[in-house]
Amino acid sequence: MSVQPGRLLEKVSKEALSDPEKFWGEQAKSLVWERQWDSVLEWKPPFARWFSGGLLNASVNCLDRHISTDTKNKAAITWESEAGESRTLTYYQLYRQVNRLANALKDLSVQKGDRVTIYMPMVPELPVAMLACARIGATHSVVFSGFSSQALVDRVNDAKSKVILTADGSMRKGKLIDLKKVVDESLPQAPSVEHVVVFRRAGNPVSMGPRDVWWHEIVERAAPYCKPEMVASSHPLYILYTSGTTGKPKGVMHGTAGYLVHLYSTAKWVFDFQRSDIFFCTADIGWVTGHSYMVYAPLMHGVTEIMYDGAPDYPKPDRYWAVAEKHGATILYTTPTALRMYMKYGDSIPNSFDLSSLRLLGTVGEPINPEVWQWYFTTIGKEACPIIDTWWQTETGGIMLSACTGIDFVPMKPGSATLPVPGVDAAVVDESGRQVAPGTKGYLVVRRPWPGMLLSLWGDDEKYRNTYWSRFEGMYYPGDYALADKDGYLWLLGRADDVLKVAGHRLGTMELESAFVSHRDIAESAVAGRPDATKGESIIAFVVTKEGIEGSDALRKELVDHIRRTVGPIATPDEVYFVGKLPKTRSGKIMRRLLKSIASGDKIGDVTTLEDGAAIDEVKRAYEELKKAVG
Ligand code: ATP
Ligand code: MG
């Protein structure tokens, strides 16, 4: 009997939800265990403990499992710098480095349960550092290398890290970032730190103090094999602070077994990993996508991955295409914000590269505007590559909503994150937590625990409960606004906190922003609500035009008409501002709360996670100029 498109997925998902414990128990057999679990799930809301009684080690699952197979001498990581240098590490080489560094950390008296902060550039030694921690049962806390000393201090102190691993520098857009100096500035305020390990990356002269040791020296002295520390399933593998799009970053804590099971399965279903794949994930390892789908998932699967250390647009806005072509990437996993940037420069740049090795295209991090989806599909994928729009969060550990090309063909709808992956029970509910009818907007929730679910927030169970489990009884609340259509496809409409309430209607930021971006002259946009006595809120929009297009009153009027026509008169923006850039977090997401504060004259609040302080000044300036112009 032939299987209809999507039927097989439907069958797998149905079976998974009819007995999730059985389903996830089956999935867990893909990992390498020292001791099998006694129970698949212990659920004492809001705390889930997966695979209790099991013992395992994450580095064994990523490395040791391969070195007795022919994956041993296969490329694990192909690294490419912004200057065009490349370096390849095989699984065996990676294994050896991890073992040595693990022993070196032990020599620095790092023990199971200790926290280690990793503040490193995008070099293969960053995953080496993470896996070395995992090997000895230390909990890693990777801090994005673009953060300044205050952000580092906050994160080191929150985790009370014993050791910091860093480098003598990082190269970004042709400039050296002196990471060691940032660490030195942080140390007086970070009393828990006993040692700083410095990797030589940039050849930058650094001063070494009494606590500092060179990476290459301690690794050279260390023994080549380190017996892996077997840890309990819920042992904290890492802490990762979220990117801070909506407020102060939270220390999300992930365990070992459930997290790895979730990653192994989702990578198989979503990316359909094959032995021949060259996986290019453009995320920085400082964020969860880098942790889950650059380090743990591809390595568990024995895939070759490309690690690119540089900006997408330096020296030219062509880097991802150039790197994909050079290394023959088969899967590209990137962000809508990067795609919008490339789109702004037109098609001739990507068209000048041979991208025919690509077979699958993915996105993550923000909703993808249908216009951008089309461009990705046509210009990059030449209409031959499925697009997987993956919705998930730091807190979920792994992908929750996505097409699963590794299970079945699922018809695509541009702008929809499609369906929950098998075993994930997602729904859209109203204010009172009742599931809404198809086509009705509401709040995305997850109604049952899933293996990749965070253990808690580091040192703050109360905040964990309040943030995720108090809004709707017995359900996880991610904080996103969404709707499910008649086919059950999920459409993410923006953050729940950013929803605009205009004359009794609720509008997700995505609905408006995608409408702006669908205008031929607009590359990017962000909308915010300003309190309005009659309407509740009025819509304020900030837009960035494509290369070569100037903002004007005529274009402004055209945009207002365009929104009225495409979304409806209810969505008529009150004000439209042309800006050169939008304020974004360091992970590239638009910080709408800042725009909202500017538009309503409020205080701006925490901006430590802002990518570029100049953007906020620019927005303020545009806002004030227009205000003056209209009197
Ligand atoms: P913070 O929680 O600190 O404010 P953040 O939410 O940006 O930061 P992440 O965990 O990196 O930190 O991002 C998860 C969020 O990103 C989701 O809650 C959602 O709003 C958005 N997101 C991620 N992927 C998608 C997607 N495919 N479609 C729509 N939104 C997405
Ligand atoms: Mg979040």
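Counting convention: from 1, in listed order, for ligands and their atoms alike. These values consider heavy atoms only, across backbone and side chains, with no hydrogens, waters or symmetry-generated copies.
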Any luck finding a side-chain donor-acceptor pair between W458 and D158 under 3.5 Å?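 Side-chain D/A pair, W458 to D158: absent.
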
Without hydrogens or angle criteria, can the side chains of H291 and T394 be said to hold a donor-acceptor pair below 3.5 Å?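 Looking only at side-chain atoms, T394 and H291 do not form any donor-acceptor pair under 3.5 Å.
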
Going by salt bridge (charged side-chain N to carboxylate O under 4.0 Å, His left out), D313 matches just one of K173, R340, R319, R172. Which one?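 Of K173, R340, R319, R172, salt bridge (charged side-chain N to carboxylate O under 4.0 Å, His left out) with D313 is met by K173 alone.
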
Measure the acute angle between the ring planes of F472 and Y443, then classify it against the limits of 30° and 60° as parallel, tilted or perpendicular.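 F472 and Y443: tilted rings.
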
Report the relative orientation of the aromatic rings in Y464 and F47; use parallel for angles under 30°, tilted for 30 to 60°, perpendicular for over 60°. tilted

Would you find more than 12 non-hydrogen atoms of other residues, nucleotides or ligands less than 6.0 Å from K268 atom NZ? yes

Shell of residues surrounding ligand 1, defined by a 4.0 angstrom heavy-atom cut-off that is strict: T242, S243, G244, T245, T246, K250, G365, E366, P367, D389, T390, W391, W392, Q393, T394, E395, D480, L492, R495, K589

